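A short write-up of the structure that comes next.
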Amino acid sequence: MTEDLGLYLHIPFCKSRCSYCNFYSIGMKADDKFVKAFEKEIELKSCKYKNKICDTIYFGGGTPSTLSSTQVESIMRKLFQHFNISKNAEITMELNPCDMTKEYLASIRKIGINRISVGIQTNYDSLLLKIGRMHNAKQAEKAIYQAKKEGFSNISIDLMYELPMQTSKDFKNTLLWAVHLPVRHMSIYSLIIEEGTRFSQLYKKGLLNRPSEEASWEMYQSMCRILPHYGFERYEISSFAQKGYKSEHNMKYWKLDDYLGLGPAACSRIKHERLENLPGVRLYQKQLLSGENPPEKIYKLSIEEEMEEFCFLQLRMKEGINKEKFAERYNKDIKEIYKDKIEMLKNKKLLKESENHIFLTEKGFAFGNYVFEQFLLT
Ligand code: SF4
């Protein structure tokens, strides 16, 4: 029997570091040594997955568009040689607007990338500067139209809100600008101050001028109101898509489906195991170029920990927790574990239940963190 597998490729290079970001990335370019090591990892790891059909591939990072189109082509060729890639696979690449030249877009399209995800964040130049992005609004807009011209019909963008000095009116204008771009999907994140970022240093010194609670709430409300009005349905806490354009790859994360991560710091989930390649490009290259798999960490989750994760992740989606899948995976009815919590959240109008699903209400989406906490067992 064949089963599906997603492939996540972590390209850990960025030309500069954004002020809010704590992903693993370094400020150099991918050289041929890195690509060779990456291809070796494809070769070594693919052996275990010969019975799987890969239906999604996702180049993330970092900034995958720091790879030259020749490097992307070489990696793709290797993937197709060693994995069973389905004919209709969704193949996404994250792009920085600065890298989206006509030539680059045409090349990656030809190589087989059929979905792109562009980190735009906002269309206000002053905010872009503040958050440490290298592009400006004009460049971003031009890049999206260029991509469309080069034949990309499945374009996603990332936007952010609750940025320092951002007003609710700014964000509303950004949304109204974005819905008129030729994009099918938007991922919209509120700014979270992560440890180890430039913003966390400023925050600790009291130098980060964040929007008030009231302004943040207005931004959230604009997002919930404006995007559906223009045909972008919210199908996950941070994701909005036109009909037929949900991210198949990201759905694997929320459904706890299997995906294999390749590259330094890439994470995988295979059945009940979570694995993570250690960060560190040098060590990664050294191991692989001498024919060994890169060092990895294996997380053995207890059944309780995995149940919690199953519920948090599935609740992120509009469709919610699939009761049948829960029972299949854990040999237990979800009500045996969470009956009181589910009833309490339903009474508070934060959850609803259908025959086969338990899902967040509109109010539940707004208070997601509170709901998720109720599913903690450990
Ligand atoms: S947000 Fe993206 S581009 Fe910016 S530092 Fe992080 S990974 Fe790199």
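Order of listing sets the numbers, starting from 1, for every ligand and every atom in it. No experiment lies behind these values; they were computed from the predicted model shown.
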Just jot down the ligand 1 atoms closer than 4.0 angstrom to any heavy atom of [X], in number order.
| X | answer |
| --- | --- |
| Thr63 | 3 (S), 8 (Fe) |
| Cys14 | 3 (S), 5 (S), 7 (S), 8 (Fe) |
| Gly62 | 7 (S) |
| Cys18 | 1 (S), 3 (S), 4 (Fe), 5 (S) |

Exercise. Between Glu306 and Arg269, is the closest basic N to carboxylate O distance under 4.0 Å?
Worked result: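 Looking at Glu306 together with Arg269, the answer is no, because their closest N to O distance does not fall below 4.0 Å.
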For this session: Look at Glu353 together with Lys335 and state whether they make a salt bridge at an N to O cut-off of under 4.0 Å.
Result: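 Salt bridge flag = yes for Lys335 with Glu353.
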Exercise. Quick one: does Gly119 get within less than 4.0 Å of ligand 1, heavy atoms only?
Worked result: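 False for this residue.
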For this session: Determine whether any heavy atom of Arg133 lies closer than 4.0 Å to an atom of ligand 1.
Result: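 Yes.
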For this session: Examine Cys21 and say whether one of its N/O/S atoms is closer to atom 8 (Fe) of ligand 1 than 2.8 Å.
Result: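 Cys21 does not place any N, O or S atom closer than 2.8 Å to atom 8 (Fe) of ligand 1.
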When you measure from the side chain of [X] to the backbone N and O of [Y], does any donor-acceptor pair fall under 3.5 Å?
| X | Y | result |
| --- | --- | --- |
| Ser65 | Asn96 | yes |
| Glu90 | Ser247 | no |
| Arg210 | Tyr203 | no |

Exercise. Do Arg234's NZ or CZ and the ring of Phe365 fall within the cation-pi criteria of under 6.0 Å and 45°?
Worked result: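 Geometry flag: set, cation within 6.0 Å and 45°.
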